[in-house]
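Remember, predicted model here, so these are calculated numbers, not experimental data.
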Amino acid sequence: MTAADRPAGQPDLADWWQTAISHIEPGTIEFRGHRIQELLAERGFVEVIWLMVRGGLPTPQQARLLEAALVASVDHGPQAPSIATARMAATCGVGLNNAIASGVNLLGDVHGGAGQQCVELLHEIVAEHDTADATSMVPAAGKVVARWRARGDRYLPGFGHRFHPVDPRRAPILALLDEARRGGVIDGRYVDAGLAVEEVLNQGRSRPVPINVDGVTAMIYAELGFVPELARGLFVLGRTVGILSHAWEQTQQGGRIKGPMPPSILPRYTGPSAAPAAGAA
């Protein structure tokens with residue numbers, strides 16, 4: 001039925017799932033106005049990710065930065081709850097897709113959300129800096145960090161690491177960001193904001209609190225114009241590769257109903273002691 005044939009007031013059912021992302025008809029697949037034939041011949045996966053979530057294609061330099069952020073987020077071993085859960089699920093006979101979903105579903109505010117939160121932090125610092133008459137980003141960072149701590153935030157997202165004294169992903173990503181700034185790909189204000197936080201946190205400390213992977217990837221996402229929510233979504237996308245790999249490896253290794261600890265280690269019991277049995281000496 002065409003629009004001309006439809007009775008007045010009757011909705012067009014084609015609008016039920018209207019979308020500007022994909023155009024699918026028999027013999028036709030298009031993403032954001034680009035034919036799949038063109039994308040398959042000329043574009044890589046990271047470029048298509050950008051196209052799907054942003055609506056246009058990135059420059060090669062922008063795609064390189066996004067790729068670095070995704071690669072940095074891929075895996076952090078079975079000690080990461082998302083990975084461990086996927087491996088446990090794989091031993092329970094739920095299938096690979098459910099094992100992946102189990103791992104992804106653990107990525108929330110505490111485990112997996114720091115990148116989004118750090119983008120929000122960097123935005124707040126840049127906004128604070130823009131209202132002040134200062135060249136350095138450090139005073140603005142100090143004010144924002146104080147506000148976050150005043151509201152009870154124990155951990156500042158994107159800084160410090162429970163496992164690494166210095167995150168090995170920090171230096172190479174900062175180098176890429178520095179190269180991108182020198183090449184005019186980014187303006188570097190969010191990089192300056194992140195480094196200013198690091199400076200504020202380390203004032204008067206003998207043990208430094210360096211920026212971690214969530215912080216440097218937040219710099220990338222903020223510099224590239226991704227909103228905070230997409231920073232989390234893109235982290236999940238990258239981490240899914242590690243979750244898939246570990247779930248598949250565990251499937252190949254076998255094992256049944258593996259829990260979070262080996263059977264030889266029993267959880268410490270902290271409840272009351274059982275009462276003596278009646279008649280016991």
Side-chain angles (χ1 to χ4, degrees), residues 69-118 121 148-149 151-170 201 205-218 229 231-281:
L70 293 170
V71 170
S73 306
V74 161
D75 187 17
H76 202 253
Q79 64 267 36
S82 52
I83 301 295
T85 296
R87 296 192 73 118
M88 284 192 290
T91 71
C92 296
V94 298
L96 191 60
N97 58 318
N98 288 302
I100 294 170
S102 297
V104 167
N105 280 334
L106 262 69
L107 298 172
D109 287 343
V110 175
H111 175 44
Q116 173 181 343
Q117 295 154 11
C118 190
L121 174 70
W148 281 53
R149 284 178 164 167
R151 70 190 191 194
D153 291 330
R154 182 180 176 188
Y155 301 104
L156 208 62
F159 297 86
H161 202 286
R162 62 184 178 82
F163 190 80
H164 301 292
V166 177
D167 196 314
R169 297 161 287 194
R170 176 188 183 278
L201 294 179
R205 290 183 60 95
S206 57
R207 183 179 178 183
V209 180
I211 195 166
N212 62 30
V213 65
D214 296 308
V216 289
T217 55
E229 293 83 357
R232 183 181 305 202
L234 291 165
F235 170 82
V236 173
L237 183 61
R239 179 53 59 91
T240 302
V241 177
I243 291 172
L244 166 62
S245 302
H246 280 273
W248 179 242
E249 180 183 63
Q250 188 62 58
T251 301
Q252 300 307 296
Q253 289 179 358
R256 288 171 56 85
I257 317 177
K258 293 183 72 170
M261 297 187 297
S264 59
I265 302 175
L266 297 178
R268 189 184 308 280
Y269 176 68
T270 61
S273 301

Taking all heavy atoms of P78 and all of A84, pick out the closest pair and write down the distance.
-> O-CB, 3.2 Å
Please tell me if the side chains of I211 and D167 come closer than 4.5 Å, counting only heavy atoms from C-beta onward.
-> no
Identify the two heavy atoms, one from A72 and one from R169, that lie closest to each other, and give their separation to 0.1 Å.
-> O-NH1, 3.2 Å
Decide yes or no on side-chain contact (heavy atoms from CB on, under 4.5 Å) for L234 and L70, but give the supporting numbers first.
-> CA-CA 7 Å; L234 291 165; L70 293 170; 4.3 Å; yes
Distance, nearest 0.5 Å, that separates CD1 of I243 from OG1 of T85 = 8.5 Å
One should read off an interatomic distance between R87 CZ and S102 OG, to the nearest 0.5 angstrom, of 14.5 Å
Cut-off 3.5 Å, no hydrogens considered: what does the side-chain donor-acceptor table look like for residues 261-270, sequence neighbours left out?
{"unit_1": "Y269", "atom_1": "OH", "unit_2": "P272", "atom_2": "O", "d": "2.9"}

Distance from T251 atom OG1 to Q253 atom CD, nearest 0.5 Å?
-> 9.5 Å
Separation of K258 NZ from C92 SG (nearest 0.5 Å) | 11.0 Å
OG1-CG distance between T240 and D75, expressed to the nearest 0.5 angstrom = 11.5 Å
Ignoring hydrogens and angles, tell me if any N or O in the side chain of Q117 forms a donor-acceptor pair with the backbone of D109 under 3.5 Å.
-> yes
Is there a side-chain contact between V104 and V236, using heavy atoms and a 4.5 Å cut-off?
-> yes
Between atom CZ of R232 and atom CG of D214, what is the distance when rounded to the nearest 0.5 Å?
-> 10.5 Å
Taking all atoms of both residues into account, what is the closest heavy-atom pair of L96 and W248, and its distance?
-> CD1-N, 3.8 Å
In terms of heavy-atom contacts, G215 and C118 come closest through CA-SG, 3.8 Å
Is there a side-chain contact between F235 and L107, using heavy atoms and a 4.5 Å cut-off?
-> yes
For H111 and L106, indicate whether the former's side chain and the latter's backbone hold a donor-acceptor pair under 3.5 Å.
-> no
So, the side chain of T91 versus the backbone of M88: is there a donor-acceptor pair under 3.5 Å, distance only?
-> yes
In terms of heavy-atom contacts, S73 and A69 come closest through OG-O, 2.9 Å
CH2 of W148: more than 12 outside heavy atoms within 6.0 angstrom?
-> yes
Mind listing the closest non-hydrogen atom pair of A90 and A247 along with its distance?
-> CB-O, 3.7 Å
Heavy-atom side-chain contact between I100 and N97 under 4.5 Å = no
